[in-house]
Amino acid sequence: MKEAMDAENPICLISSKFKFYESATRKVEVKIESTHGKKDENELLSDKGESATQDPKTYQFETSKYIVNIIDTPGIGDVRGFNQDKENTRKILYALGEYQEIHAICFLFKANECRLTDSFRFCISELLLQFHKDAVRNIVFFFTNSHASNYKPGDTYVPLKAFLAEIKRSRNLDICLKNENTCCIDNEAFKLVCALANGVNFSDDDIRRYAESWDHSRKETNRFLDLVDKLPPHIVANTVSVNKARTIILHLAKPLADVNELIESNIKVMNDRKKDLYNTANEMSELKKKLKIPHIGFEVRELNFPRTVCTAEKCVEIELLGNTNQYHTIYKQKCHDHCYLSNVDVEKVAEPHLQGCTAMAGKQNCQVCKCHWSTHMHYRFDQIKTSVEIEDKNTKDLIQKNEGANVIKEQMIKDCENRVAELKEEQQKIIKISLRFGSFLQANAIIPYNDAFEKYVEKTISQEEKCIQFGGDRSKLDNLKKLLAEYRQEKAMLNKAAISPDQDASPISPDEIEFLKEQLFNLNQTGEILKKLFKATEDGIAKNNAHVVVKYVPDNRQKRNRNKSRRR
């Protein structure tokens, strides 16, 4: 600690802010900015209970024996709710893909916390279930703020042990909690060094007491590094192979829901055309007017930049598609056309990072549309619903063969029925494959089913209900609700299959996920648009998840064993 106190500035890779009592009555706020790399905007230094670390970020340290890469991650139990906790879990898994091996997976707890919250259970379970089962041997538990409990886990040990026993019972996953993989530390001595740099005064007795804490935490840290040096590393590819399949599933969620909505729109158009044909006279001149078949599709235009739009009701427009009775939502309010704010999750409403968008100008409400920041979202591609008219080739051939008007009319009605049947068949295939994805997740214990698909269908229903307020037809809404009900029913069957061994859950391998994805992309009516939507979603997410590494390289005297060092 004396070396740290004598240094010109503390070595600090992560921004920190804390309150320190210089005396029994005088409280000082200490703030330390990162001394290496760019200004650290990844740390949200607030007192609101939000996860301080916003995105995973790697900090690299060199010691005399090792090069240590610490992947700092967002915490759990974020006050923004379960959805934000799940989002943080997704970001952690994305960052893992940057590495071939992980030597330790560290869970940090405060010592002497006697209860574990529902949020904690939810998030730890979600995170544990992302890893391949051989990662269990690389799990290490850290207990922070442990000086007060004599450098022991304290009251935290009992509920944590009970939680791990519960995991073993429910998931058949044995996670050890032993002295060897338990480290008790305290960062109070580091706080003292930072406070000294901020001009806070300490007595000799204080410094001696903190030096003991420093020595203990230093020894525990070195013991930890030596421990993981002896452990066989977790091969990230084992986790990533499963996680890659999970990523495909989640990236397909919105495109699948969008295409389902598109199918419903086209079924409605075909049924309207069928009714119209029934009411059309059996005269050639009248039938020739209906030679064009309306078709609703999506046009995907990729943007080279993210765009901030508002989704509030007053900032969207409900538009009637040409040659149909169908409506769609347009995000007409572009609050920041070229927004280069980093680490913003695309197509996510209530995205906290958007508070930093230029359109907000540091305020809670957008200075362009005046709506609250939470109604805004980023997207990287324009997804425009289109209506085109396609010539009916079957009918044209019959006309050229001089068939009678009644024969032609019957064929036109039959073509409508065939198109509806094909669309419904593709819709059922989409549902079945989505549930096959769910079967994979169930079998591999990541998440039991593709609940993101369900969420997006619910969002589509919500949008359709708004369209009805402007005079839209209820049949598409009713069909979407029926679709959701069918999905939930089959999801319940998956749950039953997980409990009853005699039920056929049809688990699939990670390799089959790719095969099923290609099956979706090869669907005759909707495969091509599904492929485009998937690619646009995948590209948009990738561009918003750039992983950052900050390095600390010590001076030459600390690198005497550099040639013998190993990457960790």
Side-chain angles (χ1 to χ4, degrees), residues 11 13-14 53 56-76 89 92-111 124 127-146 151-153 156-157 160-161 164 167 173-187 190 214-243 547 549-554 558-568:
I11 297 170
L13 270 63
I14 305 176
T53 304
K57 193 172 184 178
T58 295
Y59 297 93
Q60 187 182 95
F61 300 84
E62 290 191 26
T63 74
S64 60
K65 295 175 68 176
Y66 309 111
I67 297 174
V68 186
N69 291 284
I70 298 177
I71 308 172
D72 190 27
T73 63
I76 58 170
T89 301
I92 292 168
L93 291 167
Y94 195 93
L96 277 181
E98 300 287 323
Y99 300 90
Q100 294 182 347
E101 299 176 342
I102 295 289
H103 295 80
I105 301 160
C106 306
F107 291 92
L108 277 65
F109 307 89
K110 279 187 177 180
I124 288 290
L127 187 55
L128 283 174
L129 297 178
Q130 312 308 318
F131 290 100
H132 191 276
K133 59 185 179 182
D134 67 10
V136 167
R137 63 192 175 195
N138 298 91
I139 292 177
V140 179
F141 296 99
F142 274 84
F143 295 90
T144 64
N145 300 85
S146 62
Y151 301 109
K152 298 293 189 298
T156 309
Y157 180 85
L160 178 59
K161 187 75 173 176
L164 296 179
I167 289 289
L173 187 64
D174 191 7
I175 304 171
C176 296
L177 181 61
K178 300 179 178 178
N179 290 335
E180 291 80 3
N181 70 330
T182 299
C183 298
C184 297
I185 60 174
D186 202 305
N187 71 341
F190 172 74
W214 180 287
D215 287 342
H216 177 87
S217 295
R218 174 179 57 81
K219 289 174 183 176
E220 284 287 88
T221 302
N222 286 328
R223 182 174 70 85
F224 159 70
L225 293 176
D226 290 338
L227 166 69
V228 297
D229 179 44
K230 297 170 186 173
L231 292 175
H234 170 58
I235 307 302
V236 175
N238 291 342
T239 288
V240 169
S241 65
V242 176
N243 190 42
H547 189 64
V549 178
V550 177
K551 297 183 179 181
Y552 166 66
V553 181
Q558 291 175 286
K559 299 201 286 187
R560 55 189 177 274
N561 295 323
R562 178 68 177 85
N563 293 333
K564 297 180 181 179
S565 68
R566 289 154 288 178
R567 294 197 70 84
R568 288 291 179 265

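Bear in mind the structure is a predicted one, so any value in this text is a computation, not a measurement. All values below were derived from every heavy atom in this structure, side-chain atoms included, with hydrogens, water molecules and symmetry-related copies excluded.
- P153 is not listed as a side-chain neighbour of S146, based on a closest heavy-atom distance of 4.5 Å or more.
- Nearest heavy-atom pair across T156 and K110 is OG1-O, 2.7 Å.
- Atom NE2 of residue H234 and atom CD1 of residue I139 lie 9.5 Å apart, to the nearest 0.5 angstrom.
- Between E180 and R223, the closest heavy-atom pair is O-NH1, 3.6 Å.
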Quick one: do Y66 and N222 satisfy side-chain hydrogen bond (donor to acceptor under 3.5 Å, both in side chains)? Show the steps, please. CA-CA 10 Å; Y66 309 111; N222 286 328; over 6 Å; no
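- Partners of Y151 under the ring-ring contact (aromatic ring centres under 6.0 Å, His included) rule, at least two apart in sequence or in another chain, are H147, H216.
- Interatomic distance, SG of C106 versus CG of D72, reported as 11.0 Å (0.5 Å rounding).
- Heavy-atom minimum distance, I175 versus L164: O-CD1, 3.8 Å.
- Between Y99 and T58, some side-chain heavy-atom pair lies under the 4.5 Å cut-off.
- Between I185 and F224 there is no side-chain heavy-atom pair separated by less than 4.5 Å.
- Here the side chains of H103 and L231 are not in contact, with every heavy-atom distance at 4.5 Å or above.
- For the pair N138 and P232, the tightest heavy-atom approach, listed with the atom from each and the gap, is ND2-O, 3.1 Å.
- For the atom pair CZ (F61) and CG (N69), the distance works out to 10.0 Å, reported to the nearest 0.5 Å.
- In this structure, the separation between CZ on R137 and CG on D174 is 14.0 Å, given to the nearest 0.5 Å.
- Closest approach of I102 and I71 over heavy atoms only: CD1-CD1, 4.0 Å.
- Residues passing the side-chain contact (heavy atoms from CB on, under 4.5 Å) test with K161, sequence neighbours excluded: Y157, L177.
- Taking each heavy atom of E220 and C184 in turn, the nearest pair found is OE2-N, 2.9 Å.
- Atom CD of Q100 and atom CD1 of I235 lie 8.5 Å apart (nearest 0.5 Å).
- With respect to D215 and R218, a salt bridge is recorded, a charged nitrogen being found less than 4.0 Å from a carboxylate O.
- Distance check: F141 CZ to L160 CG gives 5.5 Å after rounding to the nearest 0.5 Å.
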